[in-house]
Amino acid sequence: MGATYATPRRGKAAAQRIAGPRISANSRRMSSRSPVRVRFAPSPTGFLHVGGARTALFNWLFARKHGGTFVLRVEDTDQSRNTEEAVQVIYDGLQWLGLEWNEGPLVGGDHGPYFQSQRHAIYERYLKRLLDGGHLYDDAGATRFRSPRQTVVVDDAVCGHIEFDMSNPATHPDMTIRRPDGSWIFHFVNVVDDIEMKISHVIRGEDHLSNTPKHVELYNVLGVKPPVFAHIPLILKRDGKGKMSKRDEGSSVNSYREGGYVPEAVRNYLCLLGWSPKDNREKLDIEEVVQLFDLDKINRRNAAFDLDKCFWLNGQYIAQMPMSRFRELCVPVLQADGILFEALGEAHLENVLGLVKEKIKLITEVGPWTRPLFTEDFPFDDTAVEKTLKPAGTAARLRELASKLNRVTDWSHDPIEAAFKELAAAAGVKPALYIHPARIALSGRAVGPGLYQMMIVLGKDRVLARLEKAAAMAG
RNA sequence: GACCCUAUCGUCCAGUGGUUAGGACAACGGCCUUUCAAGCCGUGAACACGGGUUCGAAUCCCGUUAGGGUCGCCA
């Protein structure tokens, strides 16, 4: 009853359920014996770990793929570290990655509340059932679950058939379910919530694999068929020594957002950790991943996080994304850097962004790269000045260049380039001797957009003025 | 320590009985060039070890070793 996609009551959740792009109402009904319901159940620690984000991603992909429901549940049983801000970090991280949940905080649903701290009555009810069944006993005020002490079989969608011999209490002690102060322990509430929320597939990190038989014991005793388990490999730190933890570089989703990473690139990279399309492609549109994704394509190997590759992929995304998206990503960064780009108009903004789009790897680079194209107030890089501007003769060359450029009437790429070449040829030196100092003079930096393009965007007058100004500080 | 999982280039991912073991990142070299980059081309780089099974094993089995995980009144 009710175990179909067409729920009896057309609640908010039903309306918001993710519809797989190619799942028609008809095919849905045909495969609807048990609707796919998955969940991401983070603890609000004030930190969203990339491993957690990938777990959320795989759940989200699976739900999308099967036209199911992705539930967000906040496991805040440890009230000491449960804060409003900590929960917000989870929302922000998931939203940033585009992993919208269909049921949970903020969006509601028919299986709430979605905070464990608000579900005491439910846990009491289940506790009573266990108690009545004689499965619990008191241990110094805490409540423990008496293991049936049998072999538990877990048929994992990723790890396969595994048997756990639970007969030895020394190696598999009875788990605690409730502390003397009345607060609940993870294993119990996690199972109860999955039952109550009708979770069909539990997709979670492999660190839970060894805990799974305990969970299955609970399901068995409660007379509930366990969900399908799928334990995905862990994300290890760069050197592969241990799972990535809070301290490790790149372990927080937030560090990517702040570091200039593009969410679609990070999401793409995360897809590739433990899963692959099997055809050697790296950059994949998320909709295509949704289509190709499945549990049996997840490998069982823990993977070390390769920040270099994530960085590379980010550059690929930036270079290939539409200008409108690039602009959208850059604007807040430019604003944060205090660059007043609006006064110069939209066309100028897009010209400038076009100059750096295929070169920068991180959105945060846009400020330093483009500041000289928006204002006269830009910094000069000390080492670049020392190396390229200070050598004797540079000032003279910059003035020569200015006077040469002053005679260029058609201010476009080829004539400007020709001016440099002619000047160098006449002086019997390499064009680089004019080019490098010019770059520093115009942008204060040794690295940046194409020199001639930069000059065009800047306009002749400002170019001449900056050359003159730089000549004054040159050797 | 017990139990569970895993084992292909430095890293990620392909390869499920017959391949010159493939791709990507990184590294290195070259080209281009206007610096850095980008782009293009190229090079080096792996089946942990030992036994089986088989005509034939990276692929299947066993063992060893190594790595990871779990054994909480954390989640």
Side-chain angles (χ1 to χ4, degrees), chain A residues 41-45 52 75-78 80-81 116 139-144 154 156 158-160 162-166 168 170-173 175-181 183-187 189-190 204-214 231 233-236 238-243 269 271-283 297 299-313 315-316 319 356-361 365 369 384 387-388 417 420-421 424 430-440 443 445-454:
Chain A
S43 180
T45 59
E75 305 219 330
D76 56 348
T77 56
D78 187 349
S80 64
R81 57 185 185 189
Q116 288 186 330
D139 177 16
T143 304
R144 283 184 186 272
V154 175
D156 194 279
V158 174
C159 301
I162 305 167
E163 294 186 10
F164 295 87
D165 178 1
M166 306 294 281
N168 186 354
T171 56
H172 296 92
M175 67 178 146
T176 305
I177 267 180
R178 192 177 203 181
R179 302 184 189 88
D181 69 0
S183 58
W184 306 98
I185 301 294
F186 160 76
H187 303 292
V189 293
N190 187 266
R204 57 173 24 162
E206 199 207 86
D207 48 349
H208 286 299
L209 184 57
S210 297
N211 290 147
T212 304
K214 290 191 282 200
H231 288 91
L234 266 19
I235 296 180
L236 271 23
R238 291 253 253 172
D239 59 9
K241 299 270 182 208
K243 56 178 175 179
Y269 178 74
C271 286
L272 264 18
L273 235 35
W275 175 89
S276 98
K278 308 283 184 195
D279 60 6
N280 285 339
R281 282 182 300 162
E282 311 286 336
K283 184 168 181 279
K297 289 222 274 298
N299 70 29
R300 304 167 71 170
R301 280 270 278 148
N302 290 164
F305 195 96
D306 187 352
L307 201 51
D308 285 335
K309 189 157 180 177
C310 187
F311 179 76
W312 167 79
L313 198 53
Q316 295 291 304
V356 300
K357 184 168 174 290
E358 288 179 16
K359 296 193 164 199
I360 63 173
K361 298 297 240 333
E365 290 173 324
W369 278 59
K387 186 178 165 209
T388 312
E417 180 177 18
F420 274 90
K421 297 252 162 89
K430 287 164 58 168
L433 280 175
Y434 291 93
I435 286 164
H436 297 324
R439 170 177 291 286
I440 311 300
S443 70
R445 298 160 50 93
V447 181
L451 178 60
Y452 308 138
Q453 293 173 301
M454 209 157 45

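Reminder, nothing fancy here: chain letters follow the sequence lines and each chain counts from 1.
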Is the closest side-chain heavy-atom distance between A/Ile162 and A/Leu209 below 4.5 Å?
yes

Tell me, please, which residues at least two apart from A/Pro42 pass side chain to side chain contact (heavy atoms under 4.5 Å, CB included).
A/Phe40, A/Leu72, A/Ile90

Please pick, from B/C4, B/U34, B/G39, the nucleotide with the shortest atom-to-atom distance to any side-chain atom of A/His436.
B/U34

Nucleotide of B/U6, B/G23, B/U34 approaching A/Lys309 most closely (side-chain heavy atoms)
B/G23

Ring pair (Phe, Tyr, Trp, His ring centres under 6.0 Å) partners of A/His187, counting only residues at least two apart:
A/His215

For A/His436, the ring pair (Phe, Tyr, Trp, His ring centres under 6.0 Å) test, sequence neighbours excluded, returns none

Students often get this wrong, so: under 4.0 angstrom with heavy atoms, is A/Pro437 touching a base, only sugar-phosphate, or nothing?
nothing

The side chain to side chain contact (heavy atoms under 4.5 Å, CB included) partners of A/Asn280 (sequence neighbours excluded) come to none

What does nucleotides 62-69 of chain B look like as a protein-contact string, B for base, S for sugar-phosphate only, - for none, at under 4.0 angstrom between heavy atoms?
------BB

Sequence neighbours left out, what passes side chain to side chain contact (heavy atoms under 4.5 Å, CB included) with A/Ala303? Give chain and number order.
A/Leu273

Over all strands shown, is A/Lys359 touching base, sugar-phosphate only, or nothing at heavy-atom distances under 4.0 angstrom?
base

For RNA chain B, the dot-bracket pattern of Watson-Crick and G-U pairs whose distances stay under 3.5 Å, | for other-strand partners:
(((((((..((((....[...)))).(((((.......)))))....(((((..]....))))))))))))....

Sequence neighbours excluded, the answer for ring pair (Phe, Tyr, Trp, His ring centres under 6.0 Å) partners of A/Phe311 is none

Separation of atom CZ in A/Arg445 from atom P in B/A37, rounded to whole Å:
13 Å

Filtered N/O pairs between nucleotides 19-21 of chain B and protein, under 3.5 Å:
none

Residues two or more places apart in sequence or in another chain: which of them pass ring pair (Phe, Tyr, Trp, His ring centres under 6.0 Å) with A/Tyr269?
A/Phe305

Which residues pass the side-chain hydrogen bond (donor to acceptor under 3.5 Å, both in side chains) test with A/Lys421, sequence neighbours left out?
A/Glu417

Need one value for A/Pro277: base, sugar-phosphate or nothing, where a base atom within 4.0 Å counts as base even if backbone is also close, heavy atoms only.
nothing

List for me each residue that meets side-chain hydrogen bond (donor to acceptor under 3.5 Å, both in side chains) alongside A/Thr176, sequence neighbours excluded, and say none if there are none.
A/Arg144

